[in-house]
**Student:** 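Before I ask anything, let me first share the structure, which is written out below as structure tokens.
All of these numbers come straight from a predicted model, not from anything done at the bench. Each chain gets a letter, A, B and so on, in the order its sequence line appears, and its residues count up from 1.
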Amino acid sequence: MSYFVQLVVDGLATGSIYGALALAIVLVNRSTGMINFSQGALAVLSTFVAYAVVQAGGPLLLGLVVAVAFGVVLGAVLERLVVRRFEGGDPNTAVVATIGLLVLVSGIAGAIWSYDPRAFPSLFPNETLALGGVFVSVRSLGTTAVLVAVMVALQLLFRATKLGLAMRAVADNPGSSALSGLPVSRLLMLGWGIAAGLGAVAGVLVAPQLFISPTMLDFTLVYALAAAILGGLDSPLGAVVAGWFIGVVENLAGAYVDVIGNDLKIAVPFAAMIVVLVLRPQGLFGRRTVVRV
Amino acid sequence: MAGALVRLRAARWSRPALALVVAVLLVLLPLVSSPYVNYQVTTMAVFAVALLGLNVVMGYAGQVSLGQSAFIGIGAYVAGYGTTHGWPLLLTFLLCCLLPGVVGMLVALAAARLRGLALAMVTIALPIVGTPVAKRLSDVTGGSQGLTVSWLDPPSWVALADDQWRYYVVVAIAAVVFLLTRNLVRGRVGRSFAIVRDNEAVALSMGISPYRTKVLAFTLASTIGGASGFLYLAVVQYTSPETLSFGTSINLVVAMVIGGSGSIAGAVLGAVYYVLVPVLAGQLDASRTALLSGAFLLLVLFVLPGGLVSLPRRVQQLLTRRRRRSATPSDDPGDRTGTPVLTSDGRTP
């Protein structure tokens, strides 16, 4: 029994990381209506900035702040200079454009810091707590707490503030929003900026575990995309819940189902995702969109 | 008007003439060049076929696919299994097309109900899940170490070196696949792809089922991908889970867009790019390959949305615009050079 609980707790911890990046993806989707395949690469580049601050002798917390600030600026600048061109156009071209950003941004990180994984200091002490026979690392607890706080903040931003309402309006209908006097251009930049800043937080949280390298978040991104789709692309709550679900289910399936084992557990979230998409294309928590001809 | 007519007549004979020149060059090339060059050109032919398949589903039918590498991988593994078990070559080739085609069709039956991003996600699953599966089935695939084979040596009655013989086999098969696909996308099927890509509601009202059309596009793409897997093993004589990795899929999409999506010639240019860029970047600094190729993709998306294949048309367009700006406002309305009417197959009218 305690083994089972241990698996669930570990799954929740990994799921929190998937959820954090999924939140960034949902944020971009809600503010600009796009899927950003380069979300992971942007997070990695920001994390490398934190790494540079730590290397220069600064405290990690300062590194985190600088990384988030860098992420916000990077996201906003890329939206304005690159992504703007593809918004509202052919969605396939937009997907390809963000794939181009993915290749470019991780290429920049690789050219500066090379592709060898490096150790990264942890924000939380490397201790484990024994709670009723289950071992929980302080790091996992901290990561999960940060994630929940960010999710609540985002949910509040979108549901309870004028800014959030404006961002939703711009994503839904840029033309009408502009006619209503909303600063569409700035709001789009802000959406990408906040998302990239959030990605920086996720990157700094996960780097001690994965070791920092330009490809650090490649697999996490795939999981995060699966989580975002499972939860419905427009729901922060859905993204986080789906992230936890994926983390727990893949852990349990890997441990208890012999055929799956540790190497094939990545197939589990995808099988779940395909089933959900076929039965309920808008995701578990998303709202159905109606397309007008 | 007269100018356009002359151009039309010129186009009628210049295209077959160009094709003939290219064909003669392709036949003569391996006889005069080094084994290294032959190897590179053969690899280009392999990836041209892979990109052609991706083009069918993404360029012509407008459905994002991030899973093309999985079909190359399956094709290569089937070819490897067939060779090591002494199957007849023709049977192996047919199975290399058939098996990935069936896998592609099964995935498409579920996935074709989805649009855009959801579809991209389902197709991502193919390489992501395929890589550990390939490692697991080590009896067939050789696991992480991969599968090394030695086949397609020239028969005794042919006085050709290994590289030359493989070049001719691969390029000949690639040419046939290209010819068949070209005819397909220029006919009824190609028109149904185009209408489904542009507007599904219109397609439906014309009696074309978007669902069936998409499933067909995916099936064709995976079948062609499987054929390129066969060719891949013929050239490289080795395959591993790396062949069907997600990274390969991403690079294929990048190469397809750079070459020109929805264009037969674009697939060839994309393959040249796919093979040449790592070689060229490796001479400068291998760690910059990703940086260069990402920057180049974005550059192409900005200034040449039609890919490299549209470069001549784009240059012509810019020249015409400049000429018009300097000319008087009363311009000949019949002279519509540079205004693409039929772009789906990369032809200028």
Side-chain angles (χ1 to χ4, degrees), chain A residues 29 34-35 37-38 41 81-82 85-86 89-97 99-112 114-115 214-215 218-219 222-223 225-226 228-230 233 259 261-271 273-275 277-278 281-283 291-293, chain B residues 58-59 62-66 107 109-111 113-122 124-133 135-136 197 199-202 204-205 246-247 249-251 253-254 256-258 261 285-302 305:
Chain A
N29 186 265
M34 287 174 68
I35 290 277
F37 277 88
S38 67
L81 295 184
V82 180
R85 176 99 174 208
F86 307 104
D90 175 26
N92 290 357
T93 316
V95 167
V96 174
I99 287 178
L101 276 182
L102 158 73
V103 178
L104 174 68
V105 172
S106 57
I108 292 174
I112 302 180
S114 89
Y115 286 88
T215 55
D218 280 7
F219 269 85
V222 172
Y223 278 112
L225 283 166
I229 298 235
L230 255 183
L233 274 167
V259 193
N262 205 36
D263 52 339
L264 276 187
K265 65 182 185 181
I266 194 166
V268 176
F270 281 100
M273 186 185 77
I274 290 172
V275 170
L277 281 177
V278 169
Q282 69 270 39
V291 181
R292 193 192 289 176
V293 180
Chain B
M58 241 178 118
Q63 309 299 313
V64 178
S65 169
L66 299 175
V107 171
L109 283 174
R113 298 179 34 167
L114 308 166
R115 280 155 207 269
L117 304 161
L119 191 62
M121 282 309 301
V122 174
I124 279 187
L126 284 166
I128 294 281
V129 177
T131 310
V133 169
K135 285 180 185 160
R136 175 72 75 82
R197 176 189 60 197
N199 194 328
E200 290 189 14
V202 171
L204 209 56
S205 73
F246 182 52
S249 258
I250 290 283
N251 289 334
V253 170
V254 170
M256 190 207 76
V257 173
I258 287 178
S261 99
D285 183 352
S287 70
R288 302 267 156 90
T289 313
L291 180 68
L292 291 175
S293 104
F296 194 60
L297 172 66
L298 288 174
L299 187 73
V300 166
L301 283 175
F302 266 85

**Student:** Would you mind reporting whether Arg85(A) and Leu301(B) have side-chain heavy atoms less than 4.5 Å apart?
**Tutor:** no
**Student:** Using heavy-atom distances under 4.5 Å, tell me whether Val133(B) contacts chain A through its side chain, its backbone, both, or neither.
**Tutor:** both
**Student:** Applying side-chain hydrogen bond (donor to acceptor under 3.5 Å, both in side chains), name anything that partners Lys135(B), two or more places apart in sequence or on another chain.
**Tutor:** none
**Student:** Please rank Ala110(B), Gly130(B), Pro132(B) by heavy-atom pairs under 4.5 Å with chain A and give me the top one.
**Tutor:** Pro132(B)
**Student:** Is it the backbone or the side chain of Leu81(A) that comes under 4.5 Å from a heavy atom of chain B, or both, or neither?
**Tutor:** backbone
**Student:** At their closest point, which heavy atom of Leu104(A) faces which heavy atom of Leu291(B), and how far apart are they?
**Tutor:** CD1-O, 3.5 Å
**Student:** Could you go through the side chain to side chain contact (heavy atoms under 4.5 Å, CB included) check for Met58(B) and Val96(A) one step at a time?
**Tutor:** CA-CA 11 Å; Met58(B) 241 178 118; Val96(A) 174; 3.9 Å; yes
**Student:** Tell me, side chain or backbone of Leu292(B) under 4.5 Å from chain A's heavy atoms, or both, or neither?
**Tutor:** neither
**Student:** Walk me through it: do Ile124(B) and Phe37(A) pass the test side chain to side chain contact (heavy atoms under 4.5 Å, CB included)?
**Tutor:** CA-CA 12 Å; Ile124(B) 279 187; Phe37(A) 277 88; 3.6 Å; yes
**Student:** Going by the rule side chain to side chain contact (heavy atoms under 4.5 Å, CB included), which residues pair with Arg136(B) if we only count those two or more places apart in sequence or in a different chain?
**Tutor:** Asp263(A), Leu264(A)
**Student:** So which of Ser293(B), Gly62(B), Gly294(B) has the largest heavy-atom pair count under 4.5 angstrom toward chain A?
**Tutor:** Gly294(B)
**Student:** Using non-hydrogen atoms and a 4.5 Å limit, figure out which bit of Phe302(B) sits close to chain A: side chain, backbone, both or neither.
**Tutor:** both
**Student:** If you compare all heavy atoms of Gly107(A) against all heavy atoms of Ala290(B), which two are closest, and at what distance to 0.1 Å?
**Tutor:** CA-CB, 3.8 Å
**Student:** Nearest 0.5 angstrom please: Leu297(B) CG to Ile99(A) CD1, how far?
**Tutor:** 8.5 Å
**Student:** Which atoms of Val122(B) come close to chain A, meaning under 4.5 Å heavy atom to heavy atom: side chain ones, backbone ones, both, or neither?
**Tutor:** both
**Student:** Who wins among Val253(B), Thr131(B), Val254(B), Ile250(B) for the most heavy-atom pairs under 4.5 Å with chain A?
**Tutor:** Ile250(B)
**Student:** For residues Pro305(B) and Thr93(A), determine if any side-chain heavy atom of one lies less than 4.5 Å from a side-chain heavy atom of the other.
**Tutor:** no
**Student:** Which bit of Ile128(B) is near chain A, if near means a heavy-atom gap under 4.5 Å: side chain, backbone, both or neither?
**Tutor:** both
